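What follows is a short report on a single structure.
The structure presented is a predicted model; accordingly, all values stated were derived computationally and were not measured. We count ligands from 1, going down the list as the structure has it; atoms in each ligand are counted the same way.
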Amino acid sequence: MILTGTLEITLSKPLPSEAINDMPKIVEFLNEDYLKRGARRVEDAATITEFNANLNTIIMKIKTGTKVRLDEASLRVKNVLANSMGNKYRIGIRKLALKDVKVILDTKISISLKLPFIKGITEANGKTIIELTELYEDDLKRPLFLRLMQLIEEKEKRMKWGGKAEHWVLLKNSDIRIQKPITMDPNKILEEIGWIKRMSIGQWLYTPPLTHLLNALKKLFLDEVVKPLGFQEAIFPKMYPLEVGLKTGHLKGVINSIVFASLPKSYDLSEFEELIDSMYVMDSIEPEDLQKYLKPPTYFLCFAQCEPFYWFFENEILDDNILPIKWFDMSGPSFRWESGGIHGIERVIEFHRIEVVWLGKPEQVIEIRNKLLERYEYFMDKILELEWRMAWVTPWFYEQSGVVQEEVKSINIDVPGTIDFEAWLPYKGPREDNKNWLEIGNISIHGTKFTEPFRVKHNKGDILWTGCSGFGSERWLLALLAQKGFDVNDWPKKFLEYVKASPFPRSVISVSYPRTKEGKELLNQVISKLNW
Ligand code: SER
Ligand code: ZN
């Protein structure tokens, strides 16, 4: 990437000839030294390619790389000139204008013409030239230029790594456990026997029997994994102001999957009179009509579930006494608008999860992750007796914030990244085929991905990292049912103990529910096994 522009410096009075004679020396100092500072390679720094001084204007053509950018170079030029002209000739700098600004890229990229400062974009011979409008000193001091560069760099990376950026490397897997795979889809069974009922796309009501199983599994996970490691429960909001998503990156990375919320325009019920009248008479409501009564969305619904944790510590200064901080939240659902592949309780729009979060110095964060990893393995292997595997994958926090990660060349799990836990779903097909495995949970260390934008600080200036882990309740239960089936005699001992800890709730059986004869028969079979 090359940046070029013409810097026009307006002085408080015309330059005397001695000052004009000084110019080559000043430019030499800038080119040889000051404009090269902070960049290892010359092409990453800045160079004045032409200059001209006339009356009270100095004009310089500047060419830069991305380490000492055009904006930074312009401000450095101003500093040096202000010093030398000010001291020697009592001449001040009135105005700084950067004209004919061009960003020249070796790739073809598209960028919104609606962005402030963008004048035009042309493409030729595989290169893209972005022309900016004139910029003044105040514009140069704002990080807009930097952010534009970051946007361009991200877009370039996406072009380069695009589809192949996803990585998946197996870290560990269980022994082969299942001898006689169950071929029935538990999602279908649950719906047929009426334990779940679809309210709308990707959204279900779980009746008491299924809720009982989910609760047993969650409690087991808390007792075996979360609580022994000293995590404490907190309650996080499930509807977040937009600014939070700007900082976590979600609004940039996954805006197409987010569910938003709007407030009513007025609190005065009489303002809704027309709409209410219409509902009385028509007995229907059109979303388009409703929209007229709503403000634009100002919230987004819980997506990653750990966002409020980072928000809570925003601008806080933490000392060693409080670190590490270890919390978990299981107070409500997460929402993801998934366009395709929605299936049963396996892939839904509204789901439930135990979100485990921690914050500390890098070594603390890594140690906590390692302990969790150990407990997770024990939980999958010894408690649930699953066929499982874990893999080093594209970090969710890059994926969800639209950051493209370059090729992963070696595996070092002590750097920011994500480990996924997966379970084999026999009903989908052979274990040898990756598409028959389901991600049931993950565990990550984020480095400073969140402590930086939320400015979470340590009193002695130490670096702070965060980590999080998501236990997707529905998916864990589904994996268990897919591998063990609905006969409680085949369920893992410890899980069964938790299920039996309180009476099993009644299933809904009525004239019309479950809907089919087969469903009713199947339900009776399942219930008969629950008679312990
Ligand atoms: N927040 C993490 C995720 O969204 C873990 O739940 O994947
Ligand atoms: Zn998280």
query: Stepwise, does the side chain to side chain donor-acceptor pair (under 3.5 Å) test hold for E399 with T394?
result: CA-CA 7 Å; E399 215 163 61; T394 307; 4.6 Å; no
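In H250, neither the side chain nor the backbone holds a heavy atom less than 4.0 Å from any atom of ligand 1. Within the 4.0 Å heavy-atom criterion, the part of C306 lying near ligand 1 is the side chain and not the backbone. Residue contacts with ligand 1 for Q305 are absent, since no atom lies close enough (heavy atoms, distance under 4.0 Å).
Those atoms of ligand 1 that come under 4.0 Å of a heavy atom in C468, given as number and element, are 1 (N), 2 (C), 5 (C). Applying the 4.0 Å criterion to heavy atoms of G470 picks out, from ligand 1, the atoms 5 (C), 6 (O). Residue-ligand proximity, E355 to ligand 1, at heavy-atom distances under 4.0 Å covers atoms 1 (N), 2 (C), 5 (C), 6 (O).
Taking the side chain as every heavy atom from C-beta outward, T418 and F397 approach each other to under 4.5 Å. A 4.5 Å side-chain heavy-atom check between W327 and F312 finds at least one atom pair inside the cut-off.
Under 2.8 Å from the Zn ion (ligand 2) lies no N/O/S atom of E307, from backbone or side chain alike.
Taking the charged nitrogens against the carboxylate oxygens, R389 and E422 do have a contact shorter than 4.0 Å, which makes a salt bridge.
Rounded to 10°, the angle formed at the Zn ion (ligand 2) by SG of C468 and OE2 of E355 is 110°.
Of all the heavy atoms in E346 and R475, the pair that sits closest is O-NE, 2.8 Å.
Scanning the protein for heavy atoms near atom 1 (N) of ligand 1, the closest one is A304 O, 2.8 Å. Given atom 7 (O) of ligand 1, the protein heavy atom at minimum distance is N442 ND2, 3.0 Å.
No more than 12 heavy atoms of other residues, nucleotides or ligands shown are found within 6.0 angstrom of NZ on K219.
Aromatic pair F379/F221: ring centres closer than 6.0 Å.
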